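Keep in mind that this is a model prediction, so the values were computed, not measured.
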2 protein chains.
Amino acid sequence: MEKAKKDRLKSAGWRVGDATEFLELSAEEAAFVELKLALADYLREIRVRNEWTQSQVARRLGSSQSRVAKMEAADASVSLDLMVKSLLILGVSRSEVGRVIAKAA
Amino acid sequence: MEKAKKDRLKSAGWRVGDATEFLELSAEEAAFVELKLALADYLREIRVRNEWTQSQVARRLGSSQSRVAKMEAADASVSLDLMVKSLLILGVSRSEVGRVIAKAA
DNA sequence: TGACTGTATGTCAAATGTGACATACGCTTC
DNA sequence: GAAGCGTATGTCACATTTGACATACAGTCA
């Protein structure tokens, strides 16, 4: 995994169980995290494309600016449920969500 | 929506806010629930295909038989996170997960 | 019939996720 | 440099999800 991505994960609050200085994720954990990163990027893309602020998106979702920021950062405290529901509410189709998830990193 | 699917949702614990006798879901809620149903079906398919019992799958996941049963039933108490993580642990690729999610109902 | 295996369903304490808030940061404009 | 706007980050009370357990249900075999 490239360094930039690792740093991004680290700063997003992903923890590692061992004492090494590298993020040591199992293949499944890595796949899950990358999947979340893809959704996070897409969420931001949709927002920027529509020229919305995070606060405006939050209002649409019935959430808060800070949570939207965390979603876009793929913060460890946000669930896949929240991200997928958010995309659907913002008008993204189920099949498009699937495409985003399937897309190779 | 066809009746069989509605019954399945109802018995899976999905609630409806109004007093009508039909499940009244917004388009986004419906898409989300169907997405979960697709994952639930796929989860069972993987298990059956490999001739595993729910208990065996539970052990692999570090979970319990009852939770696996709930996953396969797309119970309202199970998260997308749990379902997706489970599929990944069972060896399903990220892109295959995407395909399952994207697949039209 | 009873024993056994596998699945479904209800409950619960503990773990995790939530919106909201405060506040920090970065940038632009005056 | 102060004010304004948008985004990031830490915290918290409250809500939801979790594995585990008990138990019910369905099928098979002897």
Review point. Nearest nucleotide by nearest heavy atom, which residue falls closer to the 5' end of DNA chain C, B:W52 or A:S79?
Key: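 The answer here is B:W52.
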
Practice item. For B:V78, report the nucleic acid contact type (base, sugar-phosphate, nothing); a contact means any heavy atom under 4.0 Å. Key: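 B:V78: backbone/sugar contact only, no base atoms under 4.0 Å.
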
Practice item. Specify the closest pair of heavy atoms between A:L43 and A:S86, including all atoms of both residues, with the distance to one decimal. Key: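 Closest heavy-atom pair between A:L43 and A:S86: CD1-CB, 4.4 Å.
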
Point to revise | Residue pair B:S64 / B:A58: nearest heavy atoms and the distance that separates them | key: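 Scanning both residues completely, I find the closest heavy atoms to be C-CB, 3.3 Å.
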
Phosphate oxygens OP1/OP2 of [N]: is one of them under 4.0 Å from a side-chain N or O of [X]?
| X | N | answer |
| --- | --- | --- |
| A:S63 | C:dG19 | yes |
| B:S55 | C:dT7 | no |
| A:R67 | D:dA8 | no |
| A:R44 | D:dA8 | yes |

To the nearest angstrom, how far is [X] atom [atom1] from [N] atom [atom2]?
| X | N | atom1 | atom2 | answer |
| --- | --- | --- | --- | --- |
| A:D75 | D:dG10 | CG | C1' | 10 Å |
| B:L82 | D:dT16 | CG | P | 18 Å |
| A:I89 | C:dT18 | CD1 | C1' | 14 Å |
| B:E72 | C:dA8 | CD | P | 6 Å |
| B:M71 | C:dG6 | CE | P | 18 Å |
| A:E51 | D:dG6 | CD | C1' | 14 Å |
| B:K85 | D:dG19 | NZ | C1' | 14 Å |
| B:L80 | C:dT16 | CG | C1' | 16 Å |

Check your understanding: Is B:K70 side chain donor-acceptor paired with the C:dG10 base, going by distance under 3.5 Å alone?
Key ->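 Such a pair is found, so the answer is yes.
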
**Study point:** Residue whose closest nucleotide on DNA chain D lies nearer the 5' end, A:S66 versus B:D81
**Key:**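 So the residue in question is A:S66.
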
Review point. Looking at the side chain of A:T53, which of C:dG19, C:dT7, D:dT7 is the nearest nucleotide?
Key: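 Nearest to the side-chain atoms of A:T53, counting from C-beta on, is D:dT7.
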
Practice item. Ignoring the backbone of B:Q65, work out which of C:dA8, D:dA8, C:dG6 is nearest its side chain. Key: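 When the side chain of B:Q65 is considered, C:dA8 is the closest of C:dA8, D:dA8, C:dG6.
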
Review point. Within 45° of the ring axis of A:W52 and under 6.0 Å from its six-membered ring centre, is that where the NZ or CZ of A:R60 lies?
Key: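 Ring-cation test returns yes.
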
Review point. With respect to B:Y42, which candidate in B:E72, B:R99, B:E96, B:K103 satisfies the side chain to side chain contact (heavy atoms under 4.5 Å, CB included) definition?
Key: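 So, applying the side chain to side chain contact (heavy atoms under 4.5 Å, CB included) to B:Y42 and each of B:E72, B:R99, B:E96, B:K103, only B:E96 qualifies.
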
Check your understanding: Could A:E29 and B:K85 be called an ion pair, given the rule that one side-chain N must be under 4.0 Å from one carboxylate O?
Key ->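 Salt bridge between A:E29 and B:K85, a charged N being under 4.0 Å from a carboxylate O: no.
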
